[in-house]
Colleague: 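Here it is, the structure in full.
Note that ligands are numbered from 1 as they come in the structure, with each ligand's atoms numbered from 1 the same way.
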Amino acid sequence: MTVADRVLSRKTSTVLAGPPRRDRPGGAVPWDTARRIAAQAVRQLPPSDLPLEQSAGCRLAEPLRALVDLPRDDVAAMDGYAVAGPAPWRVIGRVLAGRSRHEGVLSPGTAVEIATGAPVPAGAESVLPYEAARVRYGPVVTEVSGASPRGKHIRRRGEECVEGTAVLAAGTPVTPLVLGLAAGLGHDTLRVRPRPLVSVLVTGDEVTSSGLPAEGMVRDAVGPFLPGLIGWAGGRAGEPLWLPDGEAALTAALSAHGGSAHVTAVCGASSKGRADHLRPVLERLGADVLVDGVAVRPGHPQLLARLPGGGLVVGLPGNPYAALSAALTLLVPAIRGLLGLPEARGERTALAGEAPSHPSDTRLVAVRRSARGAVPVGHDRPGSLWGAALADALAVVPPRWEGGQVELLTLPG
Ligand SMILES: Nc1nc2c(c(=O)[nH]1)N[C@H]1C(S)=C(S)[C@@H](COP(=O)(O)OP(=O)(O)OC[C@H]3O[C@@H](n4cnc5c(N)ncnc54)[C@H](O)[C@@H]3O)O[C@H]1N2
Ligand code: MOO
């Protein structure tokens with residue numbers, strides 16, 4: 001049994017087998033195995049019917065169909081006169097947009113003034129735009145004439161699409177324009193693959209969420225980037241919640257959020273210090289630990305577990321660049337799995353610059369793409385997001401790498 005098989009087989013069990021892995025040397029799994037475990041730890045969420053405004057950013061679970069003919073009626077394509085028979089035409093009425101319509105059949109030699117989009121009366125053969133009309137105002141009768149070829153400037157019912165037409169395929173992302181199209185086709189709700197809900201818990205007595213950090217404090221750099229990264233991956237982030245160190249607060253928050261969210265991301269408390277409570281709390285909650293440490297730099301203390309209720313927990317190390325590394329390794333693949341999307345494999349490219357490899361761990365190196373290949377941007381120490389903010393991707397440098405192409409993990413733009 002390979003390491004991957006052994007770890008993957010654990011996810012079928014709801015009982016934590018054996019002592020927690022922090023006590024076992026070498027519990028860290030290879031980086032690529034970790035992201036595969038995360039992707040396979042979840043199943044695609046079932047479709048749900050959401051109001052239009054809530055379905056933005058989701059993917060269609062079924063083809064988008066027209067619920068009505070489009071246009072719904074034979075309508076004028078220009079402001080002017082709907083005319084019947086040969087010119088000249090006696091103007092006998094007016095039809096503006098909305099529910100007003102000319103009752104009865106327009107007889108040859110007559111016209112009604114009409115607004116763009118208004119239904120043309122039965123018997124109308126074309127619409128003569130104002131600009132092309134010669135108008136003669138008499139004391140009683142107004143008469144118009146002009147060249148108006150048969151069928152001109154009338155949009156026929158269903159000429160765009162008829163009721164039932166599939167206009168977009170299942171899987172299409174619901175962009176703002178898809179929302180507009182869907183509304184135009186008569187939809188109030190859409191059947192979509194819902195975006196997985198990710199709760200964000202930021203732990204640490206030393207972490208402050210605004211202003212200048214006082215002595216001994218550090219400004220939270222993870223709460224501000226995680227929701228955007230989660231949204232970019234296709235998930236929906238809850239408001240970040242800041243927790244003090246201590247088992248009680250973490251236990252309470254994990255019990256509450258772990259029950260309602262598909263995934264709970266916990267930043268900090270992932271290591272082995274006295275204030276690092278994540279593993280003991282998970283053990284007490286009866287969680288099944290699927291990944292306990294990953295052979296990656298930075299970010300090796302990261303963790304993936306399943307709570308007894310089924311929700312996943314991703315443990316992100318407190319160092320912000322290590323948290324980013326873990327989010328890309330475990331959180332993004334889990335979100336994609338919940339969306340039913342295949343694992344994202346980045347393009348492979350040459351590394352144009354210095355990138356020392358590690359003897360046993362994968363390194364994630366901040367790079368920018370260029371014509372020469374991926375150029376390391378530097379400044380990518382575990383505690384700093386400087387390099388990540390300069391970069392457009394992270395290069396995956398395997399253990400003992402000696403050159404050759406590397407995979408690029410795209411960063412949110
Ligand atoms: N004895 C060991 N100590 C440590 C190990 C280890 O294997 N054995 N691993 C180190 C590595 S690698 C990392 S990464 C960190 C992970 O630590 P935790 O996840 O337990 O997080 P903390 O200890 O709370 O914080 C670490 C570091 O990051 C700062 N921090 C925490 N949260 C935030 C935040 N939201 N925004 C910005 N900075 C944050 C915190 O102040 C610390 O400086 O453990 C090492 N130690
Ligand atoms: O995960 Mo830590 O150093 O690798 O920041």
Side-chain angles (χ1 to χ4, degrees), residues 20-31 34 198-230 237 239-247 249-250 253-254 264-282 289 291-305 313-331 356-366 379-389 394 396-397 399:
R21 279 172 167 244
R22 66 194 166 126
D23 297 325
R24 293 186 219 152
V29 293
W31 177 78
V198 181
S199 280
V200 175
L201 308 179
V202 180
T203 71
D205 286 343
E206 81 284 22
V207 177
T208 173
S209 60
S210 64
L212 296 178
E215 192 179 336
M217 303 293 280
V218 62
R219 179 72 187 270
D220 173 26
V222 178
F225 87 68
L226 215 44
L229 183 131
I230 290 164
E239 278 291 305
L241 188 66
W242 287 270
L243 300 178
D245 283 325
E247 292 197 16
L250 189 54
L254 271 181
T264 304
V266 181
C267 171
S270 75
S271 185
K272 302 183 163 73
R274 292 195 186 284
D276 296 335
H277 300 299
L278 182 56
R279 281 168 176 78
V281 165
L282 287 172
V289 178
V291 172
D292 191 356
V294 177
V296 65
R297 302 284 158 156
H300 71 262
Q302 62 187 276
L303 166 154
L304 179 70
V313 177
V314 175
L316 309 173
N319 280 325
Y321 187 50
L324 172 66
S325 156
L328 294 175
T329 304
L330 297 177
L331 184 55
S357 64
H358 188 276
S360 58
D361 293 357
T362 297
R363 290 175 68 95
L364 299 183
V365 177
H379 306 291
D380 54 0
R381 292 169 189 233
S384 170
L385 289 175
W386 187 359
L394 300 188
V396 181
V397 179

Colleague: First locate atom CG of L241, then atom OG of S209, and finally report the distance between them rounded to the nearest 0.5 Å.
Modeller: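 With rounding to 0.5 Å, CG (L241) is 10.5 Å from OG (S209).
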Colleague: Can an N or O of D220 be found at a distance shorter than 3.5 Å from an N or O of ligand 1?
Modeller: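 So ligand 1 has an N or O lying under 3.5 Å from an N or O of D220.
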Colleague: What's the shortest heavy-atom distance between A28 and A295, and which atoms?
Modeller: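 Scanning both residues, the minimum pair turns out to be CB-N, 3.8 Å.
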Colleague: Below 4.0 Å from ligand 1: does a non-hydrogen atom of E206 turn up there or not?
Modeller: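 A heavy atom of E206 does come that close to ligand 1.
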Colleague: To which protein heavy atom is atom 1 (N) of ligand 1 closest, and what is the distance rounded to 0.1 Å?
Modeller: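 Ranking protein heavy atoms by distance from atom 1 (N) of ligand 1, first comes K272 CB, 4.6 Å.
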Colleague: Which ligand 2 atoms, with their elements, are less than 4.0 angstrom from a heavy-atom of H300?
Modeller: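 So the atoms of ligand 2 that pass are 1 (O), 4 (O).
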Colleague: Quick check on R297 - does any of its heavy atoms sit under 4.0 Å from an atom of ligand 2?
Modeller: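 The answer is no: ligand 2 sits nowhere under 4.0 Å from a heavy atom of R297.
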Colleague: Could you measure the distance from the CG atom of L304 to the CG atom of D292? Nearest 0.5 Å is fine.
Modeller: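 Those atoms lie 10.5 Å apart.
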Colleague: Quick one: does P320 get a heavy atom under 4.0 Å from ligand 1?
Modeller: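 Distance cut 4.0 Å: P320 passes for ligand 1.
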Colleague: Give the atom numbers and elements of ligand 1 that come within less than 4.0 Å of a heavy atom of H300.
Modeller: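 Matching atoms, with element in brackets: 7 (O), 9 (N), 12 (S).
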Colleague: For V296, run the side-chain contact (heavy atoms from CB on, under 4.5 Å) check against L364, V396, D361 and tell me which one passes.
Modeller: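 Among L364, V396, D361, the one meeting side-chain contact (heavy atoms from CB on, under 4.5 Å) with V296 is L364.
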Colleague: Give the residue and atom name of whichever protein heavy atom lies nearest to atom 19 (O) of ligand 1, and the separation in Å to one decimal.
Modeller: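 Checked against all protein heavy atoms, atom 19 (O) of ligand 1 sits closest to S270 OG, 2.6 Å.
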Colleague: Among V218, L278, D245, N319, which residue places a heavy atom closest to atom 43 (O) of ligand 1?
Modeller: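 Comparing heavy atoms across V218, L278, D245, N319, the nearest one to atom 43 (O) of ligand 1 lies in N319.
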Colleague: For ligand 2, which part of S325 has a heavy atom less than 4.0 Å away: the side chain, the backbone, both, or neither?
Modeller: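 S325 to ligand 2: no contact under 4.0 Å from either part.
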Colleague: Does a side-chain heavy-atom distance below 4.5 Å link L303 with V291?
Modeller: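 Contact flag for L303/V291 side chains = no.
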Colleague: Which of the atoms in ligand 1, numbered in the order shown and given with their element, are less than 4.0 Å from a heavy-atom of A269?
Modeller: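 Within the 4.0 Å cut-off of A269, ligand 1 contributes 18 (P), 19 (O), 20 (O), 21 (O), 24 (O).
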Colleague: What is the closest protein heavy atom to atom 33 (C) of ligand 1, and at what distance does it sit?
Modeller: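 For atom 33 (C) of ligand 1, the nearest protein heavy atom is G318 O, 3.3 Å.
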Colleague: Can you sort out which atoms of ligand 2 are near P301, meaning under 4.0 Å from one of its heavy atoms?
Modeller: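 Those atoms are 1 (O).
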Colleague: May I ask you to list the atoms of ligand 1 that are less than 4.0 angstrom from any heavy atom of R219?
Modeller: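 Going through ligand 1 atom by atom, the ones under 4.0 Å from R219 are 36 (N), 37 (C).
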Colleague: Which ligand 1 atoms are under 4.0 Å away from a heavy-atom of D276?
Modeller: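 The atoms of ligand 1 under 4.0 Å from a heavy atom of D276 are 20 (O), 23 (O).
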Colleague: Are A221 and ligand 1 in contact, using a heavy-atom cut-off of under 4.0 Å?
Modeller: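 It does; at least one heavy atom falls under 4.0 Å.
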Colleague: Is there a nitrogen or oxygen of V202 sitting under 3.5 Å from a nitrogen or oxygen of ligand 1?
Modeller: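 No, since none of the N or O atoms of V202 sits under 3.5 Å from an N or O of ligand 1.
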Colleague: Checking contacts now, so for atom 41 (O) of ligand 1, which I'm interested in, is there any protein heavy atom under 4.0 Å?
Modeller: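 Protein heavy atoms within 4.0 Å of atom 41 (O) of ligand 1 - there is at least one.
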Colleague: Would you indicate which of A322, G383, P382 comes nearest to atom 3 (O) of ligand 2 when only heavy atoms are counted?
Modeller: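 Residue with the shortest heavy-atom distance to the ligand atom: P382.
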Colleague: For ligand 2, find out whether one of its N or O atoms is nearer than 3.5 Å to an N or O atom of N319.
Modeller: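 There is such a contact, yes.
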Colleague: In terms of heavy-atom contacts, does CH2 of W242 have more than 12 from other residues, nucleotides or ligands at under 6.0 Å?
Modeller: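 Enclosed: over 12 neighbouring heavy atoms sit under 6.0 Å from CH2 of W242.
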Colleague: Kindly give the heavy-atom pair with the smallest separation between S325 and P298, and that separation in Å.
Modeller: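 Looking at all heavy atoms of both residues, the closest pair is OG-O, 2.7 Å.
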Colleague: Are V198 and T264 side-chain neighbours, meaning at least one heavy-atom pair lies under 4.5 Å?
Modeller: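 No. Closest side-chain heavy atoms not under 4.5 Å.
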Colleague: When you measure from atom 11 (C) of ligand 1 to every protein heavy atom, which one gives the shortest distance, and what is it?
Modeller: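 Sorting protein heavy atoms by distance from atom 11 (C) of ligand 1 puts P301 CG, 3.8 Å first.
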Colleague: Can you tell me how far CG of L324 sits from CG of L226, rounded to the nearest 0.5 angstrom?
Modeller: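 Atom-to-atom, L226:CG and L324:CG are 9.0 Å apart.
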Colleague: Considering non-hydrogen atoms only, spot the tightest contact between P399 and T362 and give its length.
Modeller: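 Looks like CD-OG1, 3.6 Å.
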Colleague: What's the spacing between L254 CG and L278 CG if we round to 0.5 Å?
Modeller: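 L254 atom CG to L278 atom CG measures 7.0 Å (nearest 0.5 Å).
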Colleague: When rounded to the nearest 0.5 angstrom, what is the spacing between CG in L330 and CH2 in W31?
Modeller: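 So the gap between those two atoms works out to 10.0 Å.
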Colleague: Looking only at protein heavy atoms, which one is nearest to atom 10 (C) of ligand 1, and how far off is it?
Modeller: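 The closest one turns out to be S271 OG, 4.2 Å.
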Colleague: Hey, could you give me the OG1/CZ distance between T208 and R219, rounded to the nearest 0.5 Å?
Modeller: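 With rounding to 0.5 Å, OG1 (T208) is 7.0 Å from CZ (R219).
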Colleague: Should you measure from each heavy atom of G268, which atoms of ligand 1 turn up under 4.0 Å away?
Modeller: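 Near G268, meaning under 4.0 Å from one of its heavy atoms, ligand 1 has 19 (O), 21 (O).
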Colleague: To the nearest 0.1 Å, how far is atom 1 (O) of ligand 2 from its closest protein heavy atom, and which atom is that?
Modeller: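 Looking only at protein heavy atoms, the one closest to atom 1 (O) of ligand 2 is G299 N, 2.5 Å.
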Colleague: Is there side-chain contact between V207 and D205, with at least one heavy-atom pair below 4.5 Å?
Modeller: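 The answer is no, as the side chains (C-beta and beyond) never meet within the 4.5 Å cut-off.
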